[in-house]
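Keep in mind that what you see is a predicted model, and the values were worked out from it rather than measured. Sequence lines set the chain letters: A, B, ... in the order given, protein chains first and strands last, and positions in each chain run from 1.
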Amino acid sequence: RAAETGEDTVQLDRVLPGTGDFASLAPDLLLSFSCAEVSGLSTERVRELAIAVGQKNVTLQVDQLRCLAHRLSEHLAPEDLDAIPVDVLPFLNPAAFLGPQACTSFLSRVSKVNIHVLPRKSPERQRLLLAALSCRGVRGSRVSQADVQALGNLACDLPGSFVADSAEALLPWLAGCPEPLDQDQEEAARMALQGGGRPYGPPSRWSASSLNALQGLLAVLDQPIIHSIPKSVTAVWLQRVSRSPSWRGSEL
Amino acid sequence: GTEKRACPPERKPQVVDEKLFFYEEWELKACVDGALLAAQIDRVNRVPFTYQQLSIFKHKLDEFYPQGYPESLIQRLSYFFRYLTLEDIQKWNVTSLETVKNLLKVAERKQMDAQAAALVARYLLGKGQLDKDTLDTLANIRPTYLCILSPEQLDSVPPRVLWTVEPQDLDSCSQRQLDILYPYARLAFQNISGLEYFGKIKAFLGGAPKEDLQAFSGQNVSMDMATFKKLPLETLVQLTVDEVQKLLGPHVVGLQAEENNSPVRDWIFRQPQEDLDRLGLGLHGGTPNGYLVLDLNFREAFS
């Protein structure tokens, strides 16, 4: 351990407290800070560190993001959101951004970042989704296209009841979600696709572009749906995608 | 409907390709065999099969390898790894770090922390060593794998991993592992104090010595009952009623609900009843005033 991390830690211990300007530190050094070091800094210094990390485009580990966010949530104004690294946003406490303006400002940023660094059922992710729905004034399980757009990546977590009640607005978004749907979402999506409603219409009228558009939803199809799609359409389409690994690329 | 149907000879596939996408469920079950899938797993990964179809394929592979997949297949699993369960992985022998790294990449950000941890565990069981890159990858997943590491391997875990540990991550750790992790965590959190420190060290208290718990009892930490129940039994029973009361703060009332369960029951047996009475919780089973407790372990010596 000493051989692997000791050197950096010793260097940081010496450097962090005495550095007037974190921006002057090399990216490698910024990359190796520990939560203990962040805990030892004042709130203002944590903010400066976060800004420096953002400016240097340093990719932090989850635990580093979590402890930076923890400290930043103490005193963060909506106007600071642009200055801190976007990766920190999913870890911030949305309760720090109450009120229509503050929550909209927070949501507009957090909806665009990769929230998948947080486990799906993690309290942090659920907290973000609930705060986002409340910020949009969503009651019940109906969301509009505008809501889905505003929720952004958070919309991937909307449960099956939302999929069933808002299929037209939600399915195209779920199709592009990077994580597989959970069982609840999967069943609701399958029912909606089988039902033939908008936006995809009945499977018997699907074309290659419908199949392209389905993306991640393809995996939820069952045999009755598959056999409803014109076979010639599916066969040609399958031949094409199986030869090109690009569909895996989009999944990743 | 439950009758097993035979595969029509003309439907028996020689290769895995997109034609299988159109097979009925029963045809996939009757016609596709595990050997073909194992040999052509790369082709399985190329066709966008549905979850239902993939589930049949997995079942076929499981049937073909009831003792677990061989390493030659594990190395080529790639995306198919996502459909495997903890139980599947626990049957594996993995000796190649390259394989571990490739599969961890597939698992990354796919809510597969438990599978990733199990994979690493299987690799370590074979005495495999983890390099820094792999440990860094592991630092991004829930550290549920800590309890399967040996004392030497625990020592190789970067200290920052300890910052992400949640109490339930250590549920399957042995006392020996907890005893190792506790001082390691103390060191990792040495620069924080007060409630922040307690919040972090809480997950590791299953390895805490009596002196540290006594120190917490004077710090208004309000330990919750779940944490209290995970304290090492031998240490817990040595704490006095006064110390436990201070340690639990408002959670002390939780002792009532746990009165008949270990470890609270064991603790009650070791306390003077008059001290327990002072708590006003109606706890029974302490040592009555004027009585001694004989350690029955010495019964044979007496006789």
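With respect to B/Asp212 and B/Arg186, a salt bridge is recorded, a charged nitrogen being found less than 4.0 Å from a carboxylate O. Classification of A/Glu124 and A/Arg66 as a salt-bridged pair holds, one side-chain N sitting under 4.0 Å from a carboxylate O. Comment: A/Glu44 engages A/Arg47 in a salt bridge, judged by a side-chain N to carboxylate O separation of less than 4.0 angstrom.
For a residue to count as touching a neighbouring chain, one of its non-hydrogen atoms must lie under 4.5 Å from one of that chain's; by this rule A/Leu221 touches chain B with backbone and side chain alike. Heavy atoms closer than 4.5 Å to chain B are found nowhere in A/Arg240, neither backbone nor side chain. Using a 4.5 Å cut-off between heavy atoms, B/Gln53 touches chain A through its side chain atoms alone. Only the backbone of A/Leu181 comes within less than 4.5 Å of a heavy atom of chain B; no side-chain atom from C-beta onward does. For a residue to count as touching a neighbouring chain, one of its non-hydrogen atoms must lie under 4.5 Å from one of that chain's; by this rule B/Tyr51 touches chain A with backbone and side chain alike.
Side-chain atoms of B/Thr227 and B/Asp224 include a donor-acceptor pair closer than 3.5 Å.
Interface check for chain B: of the options A/Gln223, A/Glu186, A/His70, the most heavy-atom pairs under 4.5 Å are formed by A/Gln223. Of the listed residues A/Ser122, A/Cys67, A/Ala235, the one with more heavy-atom pairs under 4.5 angstrom with chain B than any other is A/Ala235.
A cation-pi contact links B/Arg11 to B/Tyr23, judged by a cut-off of 6.0 Å to the six-membered ring centre and 45° from its axis. Taking the ring axis of B/Phe22 as reference, the NZ or CZ atom of A/Lys231 stays within 45° of it and closer than 6.0 Å to the ring centre.
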